[in-house]
Protein chains: 2
Amino acid sequence: MAESDAKTPRERYRAQVREEIKKHAWEQIADAGASALSLNAIAKQIGVSGPALYRYFANRDELITELVRDAYRSLADTFRARAEAGADLAELAHALREWALADPQRYFLVYGTPVPGYRAPEDTTRIASEMMAVLLDACAAVAPDASPAAPLDDHLAEHRAWARDHQAPPSALSRALLFWTRLHGVLSLELAGHFTGMGFDPAELYAAEIRALANP
Amino acid sequence: MAESDAKTPRERYRAQVREEIKKHAWEQIADAGASALSLNAIAKQIGVSGPALYRYFANRDELITELVRDAYRSLADTFRARAEAGADLAELAHALREWALADPQRYFLVYGTPVPGYRAPEDTTRIASEMMAVLLDACAAVAPDASPAAPLDDHLAEHRAWARDHQAPPSALSRALLFWTRLHGVLSLELAGHFTGMGFDPAELYAAEIRALANP
DNA sequence: CGCGTTCGTTAGAAGTTATAACTGGCAGCT
DNA sequence: AGCTGCCAGTTATAACTTCTAACGAACGCG
């Protein structure tokens with residue numbers, strides 16, 4: 001998958017085994033969730049005996065953290081790829097939904113229930129910032145509306161540390177934040193199954209939010 | 001806490017012990033999440049030995065399911081109580097946020113990452129319907145806007161099975177759904193810590209969404 | 001070609017959930 | 001009041017889990 005460009009044969013083998021471990025880990029997560037991930041079961045599937053995996057991951061948490069990292073990277077990559085292909089806000093939204101529906105548990109690995117004590121590693125927050133930069137670009141490209149600055153705009157104008165040095169206007173900051181929270185709201189409830197049996201189509205709800213975000 | 005109105009002393013004692021088990025379970029969940037809940041640890045805290053708890057809960061899942069049930073009931077109760085006190089949509093929204101902030105892990109027990117195979121028990125969906133009914137009442141009480149019917153309204157007009165026999169107009173159905181998804185979007189990201197370090201106040205974002213929902 | 005790093009093994013400790021079998025005491029009925 | 005039966009809580013045990021320690025073997029680098 002990723003960094004197979006290693007020098008020594010040992011490192012190449014090592015990266016290969018790590019990828020195989022992660023592959024089986026993803027399969028387990030896909031059909032039982034991250035909390036049910038069992039190192040022993042992975043070892044059995046690969047054909048090695050339990051403790052062998054500890055040569056590749058210090059412990060279960062490190063493996064899961066690595067999967068979280070990959071999930072973040074995957075989302076950021078699809079996001080950036082679409083943006084570089086000239087996607088507007090609506091197309092980014094659809095990309096997000098496709099990415100989420102492709103593997104719900106992967107989505108939950110990024111945006112799901114956190115363990116109270118857990119500190120996200122530095123690079124995931126860095127990747128999140130990259131995604132936010134892409135999103136801010138798309139929001140800044142939207143034709144500015146004539147409506148007066150809302151209270152949220154004013155607040156964000158004074159608290160824009162999260163936008164780094166991005167020169168987006170306050171209205172774009174608001175739009176980016178609302179893009180994030182509203183789409184996540186629909187997506188996470190849909191993926192968690194809270195809409196099942198209600199009879200309506202979540203895609204319609206999602207589309208409605210996209211329209212609302214495009215022209216506020 | 002709840003049904004202490006039992007007939008026989010045995011039943012009363014039994015209900016009391018169940019409540020004590022759940023009390024310690026909530027404490028564990030509050031500071032380590034539901035996945036870290038340990039029956040053994042609870043037994044140790046109470047002062048009995050491991051397997052004793054199986055007299056009161058068939059297994060770990062049944063205990064967690066019971067906690068989920070209680071969480072649903074708690075949310076529905078605060079919701080209904082506020083509504084009966086004459087709360088409008090904005091006040092219901094604030095009640096939701098207070099309830100969520102009071103115990104984030106309780107919120108995640110209801111709206112967090114689901115276990116793929118898990119089927120929610122019948123009564124939780126029934127409680128969810130009750131909450132939706134309260135929400136629909138509040139939405140129907142909002143002054144109808146003059147704006148033409150949006151595509152979402154049209155879709156929901158034909159797919160309103162989830163509203164049961166509630167006579168709310170399509171615009172109210174839309175508003176209720178958006179109330180749910182948008183507020184959940186902000187809340188769940190806030191509780192999961194995705195806003196920490198970004199520098200803005202999540203309450204401002206939440207308030208902005210409430211304003212947007214009040215006059216669309 | 002040797003030597004050292006590293007990989008995989010087995011053994012085992014310390015947890016977990018959950019079941020089985022036993023014992024003690026309380027409750028309720030006569 | 002006394003007897004009886006149910007039931008709570010016990011220990012023992014099985015089958016898991018993560019993870020450490022110590023050992024042997026294989027691989028690759030100098």
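So that the names make sense, note that chain A is the first sequence line, chain B the second, and so on, each numbered from 1.
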Rounded off to whole Å, could you give me the [atom1]-to-[atom2] distance for the [X] and [N] pair?
X: B:E11; N: D:dC6; atom1: CD; atom2: P; answer: 16 Å
X: A:L53; N: D:dT17; atom1: CG; atom2: P; answer: 12 Å
X: B:R12; N: D:dC7; atom1: CZ; atom2: C1'; answer: 17 Å
X: A:L39; N: D:dT20; atom1: CG; atom2: P; answer: 11 Å
X: A:N59; N: D:dT20; atom1: CG; atom2: P; answer: 7 Å

### Task
Show the numbers, then the answer: is there a side chain to side chain donor-acceptor pair (under 3.5 Å) between A:R69 and A:T124?
CA-CA 6 Å; A:R69 211 190 314 269; A:T124 63; over 6 Å; no

### Message
Between A:R126 and A:D123 (salt bridge meaning N to carboxylate O under 4.0 Å), is one present in this structure?
### Response
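The answer is no: the pair does not qualify as a salt bridge.
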
### Query
Can a salt bridge be assigned to the pair B:E66 and B:K22 using a cut-off of 4.0 Å between side-chain N and carboxylate O?
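Looking at B:E66 and B:K22, the cut-off is met.
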
### Query
Starting at the 5' end of DNA chain C, which residue's closest nucleotide do you reach first, B:Y54 or B:P9?
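Nearest nucleotide further toward 5': that of B:Y54.
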
What does [X] touch in the nucleic acid at a heavy-atom separation under 4.0 angstrom: a base, only the sugar-phosphate, or nothing?
X: A:R60; result: sugar-phosphate
X: A:R10; result: base
X: A:N40; result: base
X: A:L37; result: sugar-phosphate
X: A:Y56; result: sugar-phosphate
X: A:P51; result: base

#### Entry: Polar side chain donor-acceptor pair, A:T113 to B:Y111, under 3.5 angstrom
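Their side chains do not contain a donor-acceptor pair, so the 3.5 Å distance test is not met.
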
### Message
Checking the side chain of A:E91 only, and the main-chain atoms of A:L89 only, is there a donor and an acceptor separated by less than 3.5 Å?
### Response
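Not confirmed, A:E91 side chain does not pair with A:L89 backbone.
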
### Query
Want to settle it: does A:G50 or B:Y13 sit nearer the 5' end of DNA chain D, counting the closest nucleotide to each?
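Its nucleotide being nearer the 5' end, the pick is B:Y13.
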
### Beyond-backbone contact of A:P202 with A:R97, side-chain heavy atoms, under 4.5 angstrom
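The answer is yes, as the side chains (C-beta and beyond) meet within the 4.5 Å cut-off.
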
### Message
For chain B and DNA chain C, what are the first and last nucleotides along the strand, 5' to 3', with at least one atom under 4.0 angstrom from a heavy atom of the protein chain?
### Response
C:dT16 to C:dG28

## Note on the structure
So CD of A:Q28 and CD of A:Q105: to nearest 0.5 Å the spacing works out to 12.5 Å

### Query
So, is A:S38 close to the D:dT17 phosphate, meaning a side-chain N or O under 4.0 Å from OP1 or OP2?
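Yes, such a contact exists.
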
